[in-house]
Q: 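Quick one: this structure, given as structure tokens, is what I'll be asking you about.
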Amino acid sequence: MTADAGQPAVASESGTVLARAEAEQVASRDAALRDRARRVIPGGMYGHQNAATWPAPFPQFLERGRGCRIWDVDGREYVDFVCSFGPIVLGHAHPAVEAAVERQRALADCQNGPSPRMVELAERLVELVPHADWAMFAKNGTDATTLTVSIARAATGRRKVLVARGAYHGSAPWCTPRPAGTTPEDRAHLIPFVYNDLASVEAAADQAGGDLAGVLVSAFRHDARFDQEECDSAFARGVRALCDRRGAVLVLDDVRAGFRLHLGGSWEPLGVRPDLSAYSKAIANGYPLAAVLGRDSLRDAAQQVFVTGSFWFAAVPMAAALATLEALEAERGIERMTRAGGLLREGLARQARAHGLRITQSGPVQLPFMTFTADVAAGTFDRANVFTAEAARRGVWLHPWHNWFLSAAHSDADVRLALERTDPAFAAVRARFGSDTIPPLTGGR
Ligand code: PMP
């Protein structure tokens with residue numbers, strides 16, 4: 001939805017983006033909170049929201065959000081192109097979702113048993129996602145991907161799972177990208193392949209031999225710090241055929257891309273249906289929920305695996321998910337994200353060209369990413385850091401090395417405003433590093 005179609009009014013830009021000097025002079029609430037956090041939170045912050053991994057002047061702490069705008073604790077407003085790293089698909093505080101949440105909260109959230117919303121949501125998902133005959137729910141994407149691996153093993157009685165090298169499937173010991181606190185045994189039964197390289201999947205499957213439980217694959221290649229690669233349909237078809245031939249379970253990790261590319265699952269446009277799919281992020285517009293969807297043949301295995309959690313059955317996130325899916329459909333959310341993402345991509349390509357800077361824009365426009373060619377050549381994010389820092393200073397929140405997310409709340413006007421602010425950010429990159437020697441022929445991809 002657009003900012004003016006039912007969303008609460010957002011403050012105008014004037015007066016909300018503090019001038020650089022002013023922002024840096026005031027005793028910032030963000031700095032004070034960081035000081036306090038360092039005393040009571042290991043490292044001051046952890047995980048993917050640790051602001052130490054982004055350049056200044058990105059804040060660590062945020063106060064509120066409406067539509068595609070967010071405000072930090074020092075009152076600075078940003079056009080948000082990270083969308084909470086994916087969950088915010090309709091815009092922050094979407095009125096219909098918030099109304100459903102309030103209605104459910106007035107009844108109950110966490111009880112001795114689930115509410116009727118759980119059955120309604122499972123029915124809705126089974127109706128929406130063609131490969132799915134049943135649904136199970138949890139909280140985070142990691143819960144969902146972990147459960148898919150357990151179900152694949154329970155169904156096949158085998159151990160080996162193929163995963164793309166460098167792909168992120170969560171933060172549990174079996175899949176975390178950092179080894180601290182894990183043992184080699186935690187990932188002893190994972191065998192890597194290269195995304196979009198079917199021969200490498202065949203080789204990994206040969207290595208697994210008769211012990212192949214499944215193949216876990218993300219919707220497209222969206223490894224942080226790398227240009228993204230859309231999924232090659234021949235690759236998807238080949239992985240499907242391989243799983244069928246070898247009696248292995250094909251799992252689509254749709255945690256990041258789910259409900260942004262296609263409401264029936266991100267591989268629907270490719271005509272390839274997985275046996276299991278994992279969802280979280282966008283499913284409930286910011287409320288904590290994950291889902292595993294599966295086909296009939298895996299129902300018994302799913303039933304055998306004992307998984308649960310104190311908060312997994314909570315009703316409010318399920319009410320939020322029902323409202324989110326309804327609004328995505330009714331408001332043609334994916335079309336809106338595609339339009340806004342397309343405008344952003346065109347605008348950035350034009351600006352980079354005008355400044356003599358070579359960039360690559362990759363991935364679907366709803367989950368875009370941009371790198372500077374000279375950064376990639378040097379193996380750095382120097383230009384990306386300057387670009388995103390200068391954009392943030394002017395009130396646009398992008399990420400230097402992780403893909404961005406569009407929401408249905410990004411209107412043409414929001415994208416235009418953001419582009420007014422990214423132009424000087426490109427100028428700052430050029431002033432600092434110079435323009436590229438090879439003139440761009442086509443602009444951003
Ligand atoms: N799979 C994919 C593809 C993801 O992008 C993520 C999160 N970035 C996860 C799994 C894990 O989700 P969560 O952080 O909610 O546990």
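Both ligands and their constituent atoms are indexed starting at 1 by order of listing. Bear in mind that the values here come from a model prediction, so they are computed numbers and not experimental data.
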Q: Looking just at side-chain N and O atoms, do T183 and D186 make a donor-acceptor pair shorter than 3.5 Å?
A: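 Yes, side-chain donor-acceptor contact under 3.5 Å.
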
Q: Any idea how F259 and Y279 line up, ring-wise: parallel (<30°), tilted (30 to 60°), or perpendicular (>60°)?
A: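 Answer is parallel, since the angle falls under 30°.
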
Q: Ring pair (Phe, Tyr, Trp, His ring centres under 6.0 Å), that's the test. Do W404 and F81 meet it? Break it down for me.
A: CA-CA 6 Å; W404 312 335; F81 289 104; 7.2 Å; no

Q: Which of the atoms in ligand 1, numbered in the order shown and given with their element, are less than 4.0 Å from a heavy-atom of H222?
A: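 Taking each heavy atom of H222 in turn, ligand 1 has 3 (C) under 4.0 Å.
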
Q: So is H48 in contact with ligand 1, going by heavy-atom distances below 4.0 Å?
A: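 No heavy atom of H48 comes that close to ligand 1.
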
Q: Do any nitrogen or oxygen atoms of S280 lie less than 3.5 angstrom from nitrogen or oxygen atoms of ligand 1?
A: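 No, no N or O pair falls under 3.5 Å.
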
Q: Give the numbers and elements of all ligand 1 atoms closer than 4.0 Å to a heavy atom of G141.
A: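 So the atoms of ligand 1 that pass are 11 (C), 12 (O), 13 (P), 15 (O), 16 (O).
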
Q: Numbering the atoms of ligand 1 from 1, which are under 4.0 Å from a heavy atom of T142?
A: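 Reading through ligand 1 atom by atom, the close ones are 11 (C), 12 (O), 13 (P), 16 (O).
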
Q: More than 12 foreign heavy atoms under 6.0 Å from CZ of R299: is that the case here?
A: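 Buried by this count: over 12 neighbours within 6.0 Å.
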
Q: Would you say the side-chain atoms of T176 pair up with the backbone N or O of A172, donor to acceptor, closer than 3.5 Å?
A: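 Answer holds: no.
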
Q: Indicate, as side chain, backbone, both or neither, the part of F85 found under 4.0 angstrom from ligand 1 when only non-hydrogen atoms are considered.
A: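 None of F85 does.
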
Q: Tell me whether T145 has any N or O atom under 3.5 angstrom from an N or O of ligand 1.
A: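 Not met; the criterion fails.
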
Q: Could you list the atoms of ligand 1 found under 4.0 angstrom from a heavy atom of D253?
A: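 Atoms satisfying the 4.0 Å criterion: 1 (N), 2 (C), 3 (C), 10 (C).
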
Q: Going by the order shown, which atoms of ligand 1 are within less than 4.0 Å of some heavy atom of G170?
A: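 Those qualifying, in numeric order: 10 (C), 11 (C).
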
Q: Pairing donors with acceptors under 3.5 angstrom, does anything connect the side chains of W54 and T388?
A: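 Checked: W54/T388 side chains show no N/O donor-acceptor pair below 3.5 Å.
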
Q: With under 30° as parallel and over 60° as perpendicular, where do the rings of H402 and F85 fit, or are they tilted in between?
A: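 Perpendicular, since the angle between the ring planes exceeds 60°.
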
Q: With only distance considered, is R256 within less than 3.5 Å of ligand 1 through an N or O on each side?
A: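 Yes; the residue has a nitrogen or oxygen that sits under 3.5 Å from a nitrogen or oxygen of the ligand.
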
Q: Quick check on contacts: which atoms of ligand 1 are under 4.0 angstrom from a heavy atom of K281?
A: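 Per the distance check, 5 (O), 7 (C), 8 (N).
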
Q: Distance under 4.0 Å to a non-hydrogen atom of V255: what atoms of ligand 1 satisfy this?
A: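 Counting atoms of ligand 1 from 1, those under 4.0 Å from V255 are 1 (N), 2 (C), 4 (C), 6 (C), 9 (C), 10 (C), 12 (O).
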
Q: How far apart are the C-alpha atoms of R34 and D30, what are their side-chain angles, what is the distance that settles it, and do they pass the side chain to side chain contact (heavy atoms under 4.5 Å, CB included) test?
A: CA-CA 6 Å; R34 288 190 201 219; D30 192 74; 2.8 Å; yes

